[in-house]
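Just follow the structure's listing: the first ligand is 1, and inside any ligand the first atom is 1. Computed from a predicted structure; not experimentally measured.
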Amino acid sequence: MKKILIIHTGGTISMKEDEKTGAVQPDEKNPLHDTTPSLMNLADLHVEELFHLPSPHITPMEMLVLRNKIEEKVTKEKIEGVVITHGTDTLEETAYFLDLTVQADVPIVVTGAMRSSNEIGADGLYNLISSVKVAASDEARGKGVLVVLNDEIHTAKNVTKTHTSNVATFQSPQYGPIGIVTKRGVFFHHAPTKRATYPIERISKNVILLKAYAGMDESLFRAIQTLPLDGVVIEALGQGNLPPRAAKGVCSLLAANIPVVLVSRCFNGIVQDIYGYEGGGKQLKEMGVIFSNGLSGQKARIKLLVALEMTNEPQTLQQVFME
Ligand code: ASP
């Protein structure tokens with residue numbers, strides 16, 4: 001049997017619904033502890049309770065602590081696969097952070113639940129079982145960090161939470177899942193083509209995410225320059241365009257040596273320097289804006305946080321965003 005480490009970090013999967021008030025909240029004791037012994041037939045399971053946090057309370061600092069814990073356990077205890085339970089709200093950000101920073105070459109699976117442990121149709125234990133199966137599968141190796149919920153296997157890079165409450169919330173727009181989990185086993189039907197990892201030691205920068213809108217002007221850009229600021233990600237319009245006055249705001253950020261990364265607020269496709277009008281992608285590219293390769297705003301922010309620990313040189317950052 002494979003030696004699999006389960007690391008709990010909190011989220012709905014570790015919560016209970018209060019029968020009187022209906023509020024879903026963390027309990028003193030993680031309900032998953034009572035159910036884990038029933039999974040011992042799947043693998044040689046080892047459990048670590050790292051955090052007991054709702055995922056809106058998770059910051060890049062907790063992500064780094066989690067990364068370090070995984071590296072330590074895999075090296076010292078010869079762990080062959082890791083499953084992380086996590087709140088679904090920021091699950092994709094933690095999964096992508098791990099995808100960018102973990103060097104250990106074992107399957108790493110992140111999972112969660114949309115319904116807490118005592119609700120009808122609770123999906124937590126089911127997703128945990130599926131995730132252990134994936135983490136214990138030989139085929140899961142070398143595919144980067146995976147996200148497993150609702151019988152589907154997604155890459156950390158492409159997956160996103162698409163629905164506020166549906167159990168089929170996790171989707172990979174444009175790409176789809178790379179495999180499925182069934183009663184009889186785990187089946188992969190795609191594999192990611194490349195993965196770059198960055199062995200950072202700390203996470204110390206401040207990166208802000210802004211979303212473009214019709215009529216956006218320079219005022220928000222001016223306001224954020226009064227903050228401690230190391231980088232900005234903008235979810236731009238369409239193929240990578242901004243309203244003219246917002247582009248002026250970008251110009252002042254670049255003049256202050258603050259790197260600006262562009263993604264699209266569309267959730268399919270990539271940004272490119274296509275349009276030549278004022279605020280269009282061509283002008284933004286000439287100004288020195290860094291174009292991303294199809295990441296969502298929240299994932300580009302994670303990548304910029306990681307990249308800024310290595311460099312703030314615009315051309316090197318642009319290369320990192322092409323990887
Ligand atoms: N709000 C919860 C969290 O992210 C949602 C969940 O876990 O499904 O912690």
Pair H8, S14: side-chain N/O donor-acceptor within cut-off below 3.5 Å: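 No, no side-chain donor-acceptor contact under 3.5 Å.
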Between E49 and N30, is any side-chain donor less than 3.5 angstrom from a side-chain acceptor?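 Result is yes, a qualifying pair exists.
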Students should find this: residues with any non-hydrogen atom under 4.0 Å from ligand 1. What is the answer?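 Within 4.0 Å of ligand 1, the protein residues are G11, T12, P54, S55, P56, G87, T88, D89, A113.
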Please name all residues satisfying ring pair (Phe, Tyr, Trp, His ring centres under 6.0 Å) with Y275, sequence neighbours left out, ordered by chain then number.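 Result, ring pair (Phe, Tyr, Trp, His ring centres under 6.0 Å) vs Y275: Y277.
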Contacts of type ring pair (Phe, Tyr, Trp, His ring centres under 6.0 Å), residue H154, not counting sequence neighbours: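 H154 satisfies ring pair (Phe, Tyr, Trp, His ring centres under 6.0 Å) with no other residue.
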A214: what forms a side-chain contact (heavy atoms from CB on, under 4.5 Å) with it, not counting sequence neighbours?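 So A214 forms no side-chain contact (heavy atoms from CB on, under 4.5 Å) with any residue.
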Are any non-hydrogen side-chain atoms of L100 and T197 less than 4.5 angstrom apart?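 A side-chain contact under 4.5 Å is absent here.
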